[in-house]
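Taking it in order: structure first as structure tokens, then the write-up.
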Amino acid sequence: SIFALTCVNSKAKPVVKVKPDQHVFRGERVTLTCDMQGGGDIQWRYSWFRDGSVISHTERVYDITSASDGGQYSCEAKSISDAFTLTVSGESSYSNFPTSTVTVTPDSPVFTGETVNLKCVINSDHSDWRYEWYKDSVILQTSERYTVNRDTLTIRGATESDQGQYWCKGQIDGRPNSSTSSSLSLSVKDLKPKPELTSDPAGAALTGNTVTLTCRMDPSTGNWDSYWYKHTLNPETEKTETNSYSLKIDSVSDGGQYWCRAGRGKPVYYTQNSDALWVNVTVSPKAVVTVRPDERVFRGETVTLRCDIKWGGDTEWTYRWEIEGTNNQYKNTVSRTSTQELNISSVDLSHRGKYTCTGQIQTQSSQRSDAVTLTVSAEAQASVRVSPQPWLTEGESVTLICEVSGSSKGWTFSWFRDHDHLSDSSRGAGGSYTLSPAALQHTGVYTCRAERGRPAYYTHNSSSQTLWITGVSASVSLVINPSRSQHFSSDSLSLSCEDQSNSTGWTVRRYTDKDRQTCAKQTGSGCVMDSLSTSDTGVYWCESESGEKRRPRNITVHDGEVILESSVDPVIEGETLTLHCLHRSTNSPILSADFYKDGSLIQNQTTGEMSITTVSKSHEGFYYCKTERGQSLHSWISVTVNCQISVLKILSSLLAASPYLLATVVLLYKCYRARVPSTENRSQYAVTEEETSI
């Protein structure tokens with residue numbers, strides 16, 4: 001409340017004086033004096049007004065015994081004094097001075113030996129308070145154990161005798177009233193407190209993780225700082241303002257004995273040490289990622305990634321997967337809490353990337369696994385190859401191998417001959433299909449297909465591989481005119497079957513990339529094609545009415561400008577191999593040509609012809625030629641052993657060694673007769689081109 005006080009005077013200037021102060025508290029006594037300065041000994045008649053109304057008081061001095069009401073006060077003595085403002089502080093709910101309270105640091109209860117500070121807090125803007133401290137109604141003075149410093153009472157080295165009720169009183173000199181606090185009960189305990197040390201997680205800690213140590217005090221004892229110790233030769237002390245400490249476990253040496261104690265105040269009062277806590281550290285196991293069926297998969301396959309952790313305990317792990325794209329453009333984290341397998345039901349290109357996993361036990365983690373790169377390709381393609389060669393005589397052995405490009409794990413294989421599924425799958429285990437001994441009926445076109453996973457994922461069928469099994473006494477020949485394996489498109493070609501013992505009953509058959517069929521223009525046992533096209537590329541052979549197959553040959557039709565001229569028959573070991581590079585416009589050798597074997601340049605000729613004298617098995621391979629007008633297709637050149645020379649050498653050696661080996665000589669002679677064809681029948685050995693092996 002604000003009091004505006006005025007006195008009136010006709011000539012002299014009245015001055016209002018106030019005691020104790022312009023600013024008083026509700027309930028205080030206020031004395032107002034209307035002093036007429038310069039008025040001499042004139043007897044003044046005084047009148048006092050409040051809010052313009054006369055107050056029934058005519059004395060020079062006006063006592064307000066208990067300030068409570070505000071208003072406009074004035075006094076009259078012929079003239080009106082200058083207004084004087086009286087301010088009264090305090091709410092109407094209070095009847096006396098501002099309230100005061102006592103605070104204690106540290107919080108009660110305190111412990112023997114601690115330094116205790118009690119502070120008297122008065123809710124007032126005045127700064128000239130004088131303080132008095134009391135314990136159980138006895139005023140306290142500064143002594144060896146007590147220090148009074150204005151509003152603060154300090155107790156040094158508290159004892160149980162210091163327990164009691166403490167309160168304070170604040171006064172302003174010249175004022176009869178005071179501000180008295182309520183009492184505060186101070187409790188002093190004789191037993192020094194002892195914290196409890198715990199760890200999270202409890203039990204063994206894994207390297208690479210963090211253990212949280214907690215120095216736990218009774219919450220009722222207030223706030224404490226924590227001090228941490230490890231049992232080493234030179235123990236280091238660390239202080240935290242909270243009761244927890246994060247211990248980074250980098251190695252087994254971080255394990256050991258730890259303890260803590262709490263402290264507070266200045267000087268610091270320390271608790272007892274906690275009981276020692278052993279932190280046992282174990283090397284964290286490393287997670288291992290495995291992939292089924294393979295790290296290289298194909299779009300649409302089902303993929304399962306598994307996170308395994310070798311751990312001796314029976315603790316249940318949870319798992320966390322992280323996937324990073326191979327182009328580092330994204331990083332995705334997939335969390336799993338109950339299973340260690342990450343299943344992708346239909347993988348696509350977006351699943352490519354590096355996969356890692358970690359195992360978790362509560363707040364601890366295993367070591368992160370090495371990254372496994374999952375490669376996703378657009379489609380799977382099976383391919384087939386043959387060992388040792390696709391042409392053999394009945395009774396010999398041959399193996400077909402089915403492979404999936406770029407992937408070798410988890411596949412099972414199916415084999416087909418002439419589009420018919422082969423039921424003897426046991427011979428196809430592991431991707432190999434072996435014919436031993438091979439028979440005439442095994443001749444045909446073979447393909448394979450691979451599958452893996454559940455549900456099954458199938459590759460595309462492989463390209464075709466033709467197997468030709470020839471009888472030991474075959475007399476039929478496939479005659480090709482012109483006699484070469486490569487031909488230009490739009491050229492003409494004739495083929496015929498010739499049998500020394502029976503000129504009838506044989507038909508030219510062929511197998512192209514479309515199907516198995518007879519020749520389009522059949523003339524008896526012959527076949528004529530007036531205008532070749534690339535679709536005529538395929539395998540041609542002679543087939544009897546009973547289904548016997550003889551003399552298979554590969555024919556390649558090229559729509560380019562250059563072909564390689566080579567014999568359709570294999571070259572006999574020791575003979576000369578001659579190759580020509582022909583041009584479409586002239587159908588004659590090109591003067592300058594480069595000749596290649598298995599992709600490597602072997603000769604550069606200016607005559608368009610290459611010759612190899614004394615051919616050996618090392619000369620087998622794929623040949624092609626290249627000119628400035630273009631490049632030919634590849635042709636396989638096969639070299640056969642000269643059985644006559646070999647058998648004669650063996651006969652000579654055996655006869656010289658033992659004249660009694662007549663039976664052996666006879667058998668070898670039969671072999672010689674069976675395996676060495678006449679000059680006109682050498683065409684029984686086939687040559688195959690790389691592009692048209694079906």
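Please read these numbers as outputs of a predicted model, since none were measured by experiment.
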Side chains of [X] and [Y] only: does a donor on one sit below 3.5 Å from an acceptor on the other?
X      : Y      : answer
Trp411 : Ser408 : no
Glu238 : Tyr245 : yes
Asn243 : Ser226 : no
Asp63  : Thr31  : yes
Arg261 : Tyr229 : yes

Q) Which word best sums up how the rings of Phe298 and Tyr457 line up, parallel for under 30°, tilted for 30 to 60°, or perpendicular for over 60°? A)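 Aromatic pair Phe298/Tyr457 classed parallel.
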
Q: Can you label the angle between the Phe111 ring and the Tyr269 ring as parallel, tilted or perpendicular, going by 30° and 60°?
A: parallel

Nearest 0.5 Å, what's the [atom1]-[atom2] distance between [X] and [Y]?
X      : Y      : atom1 : atom2 : answer
Cys34  : Tyr62  : SG    : OH    : 13.5 Å
Asp200 : Thr214 : CG    : OG1   : 7.0 Å
Met217 : Trp224 : CE    : CH2   : 4.5 Å
Asn343 : Thr302 : CG    : OG1   : 8.5 Å
Asp136 : Gln165 : CG    : CD    : 6.5 Å
Asp225 : Tyr270 : CG    : OH    : 9.5 Å

Main chain of [Y], side chain of [X]: is a donor-acceptor contact present, judged purely on distance under 3.5 Å?
X      : Y      : value
Thr318 : Gln360 : yes
Thr207 : Ile249 : no
Ser183 : Trp167 : no
Ser369 : Val288 : no
Thr271 : Ala262 : yes
Ser366 : Gly359 : yes
Glu196 : Arg216 : no
Thr147 : Thr142 : no
Ser178 : Gln171 : no
Ser124 : Pro98  : no

Contact summary for [X] and [Y], nearest pair of heavy atoms:
X      : Y      : result
Pro201 : Ser199 : O-OG, 3.4 Å
Thr159 : Val188 : O-CG1, 3.3 Å
Thr363 : Asn209 : O-OD1, 4.1 Å
Gln163 : Ser187 : OE1-OG, 3.5 Å
Arg452 : Pro293 : NE-CG, 3.3 Å
Asn273 : Pro195 : C-CD, 4.4 Å

(Q) Considering only residues two or more places apart or on different chains, which pairs with a residue in residues 102-115 satisfy side-chain hydrogen bond (donor to acceptor under 3.5 Å, both in side chains)? (A)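 Applying side-chain hydrogen bond (donor to acceptor under 3.5 Å, both in side chains) to every pair that reaches into residues 102-115, excluding sequence neighbours, yields Glu114-Arg264.
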
For [X], does the [atom1] atom have more than 12 heavy-atom neighbours from other residues, nucleotides or ligands under 6.0 Å away?
X      : atom1 : answer
Gln362 : CD    : no
Asn123 : CG    : no
Asn223 : CG    : no

Given side chains that start at C-beta, do those of [X] and [Y] come closer than 4.5 Å, heavy atoms only?
X      : Y      : value
Tyr131 : Leu153 : no
Leu184 : Leu118 : yes
Asn149 : Thr154 : no
Tyr319 : Thr358 : no
Asp151 : Val121 : no
Leu32  : Val61  : no
Arg130 : Asp173 : yes

Q. Looking at Tyr146, does the NZ or CZ of Lys135 lie under 6.0 angstrom from its six-membered ring centre and within 45 degrees of the ring axis?
A. no

Q: Step by step, work out the side chain to side chain contact (heavy atoms under 4.5 Å, CB included) result for Tyr134 and Leu140.
A: CA-CA 5 Å; Tyr134 297 84; Leu140 299 175; 5.9 Å; no

Check this for me, if you would: do [X] and [Y] make a salt bridge, where the nitrogen-to-carboxylate-oxygen distance has to be below 4.0 angstrom?
X      : Y      : value
Glu322 : Lys354 : no
Asp308 : Arg306 : yes
Asp254 : Lys248 : no
Asp294 : Arg296 : no
Glu301 : Arg299 : no
Asp370 : Lys286 : yes

Q: Start with the C-alpha gap between Arg145 and Arg156, add the side-chain angles, then the distance that decides, and say whether side chain to side chain contact (heavy atoms under 4.5 Å, CB included) holds.
A: CA-CA 5 Å; Arg145 298 189 55 252; Arg156 293 185 297 275; 5.6 Å; no

Q: Decide yes or no on side chain to side chain contact (heavy atoms under 4.5 Å, CB included) for Trp228 and Cys215, but give the supporting numbers first.
A: CA-CA 9 Å; Trp228 306 91; Cys215 194; 3.5 Å; yes

Q.
Give me each pair satisfying disulfide bond (SG atoms under 2.5 Å apart) with a member in residues 110-149, each pair once, sequence neighbours excluded.
A. Cys120-Cys168

Q. Would Thr373 and Thr375 satisfy side chain to side chain contact (heavy atoms under 4.5 Å, CB included), going step by step from the backbone distance to the final call?
A. CA-CA 6 Å; Thr373 300; Thr375 303; 4.1 Å; yes

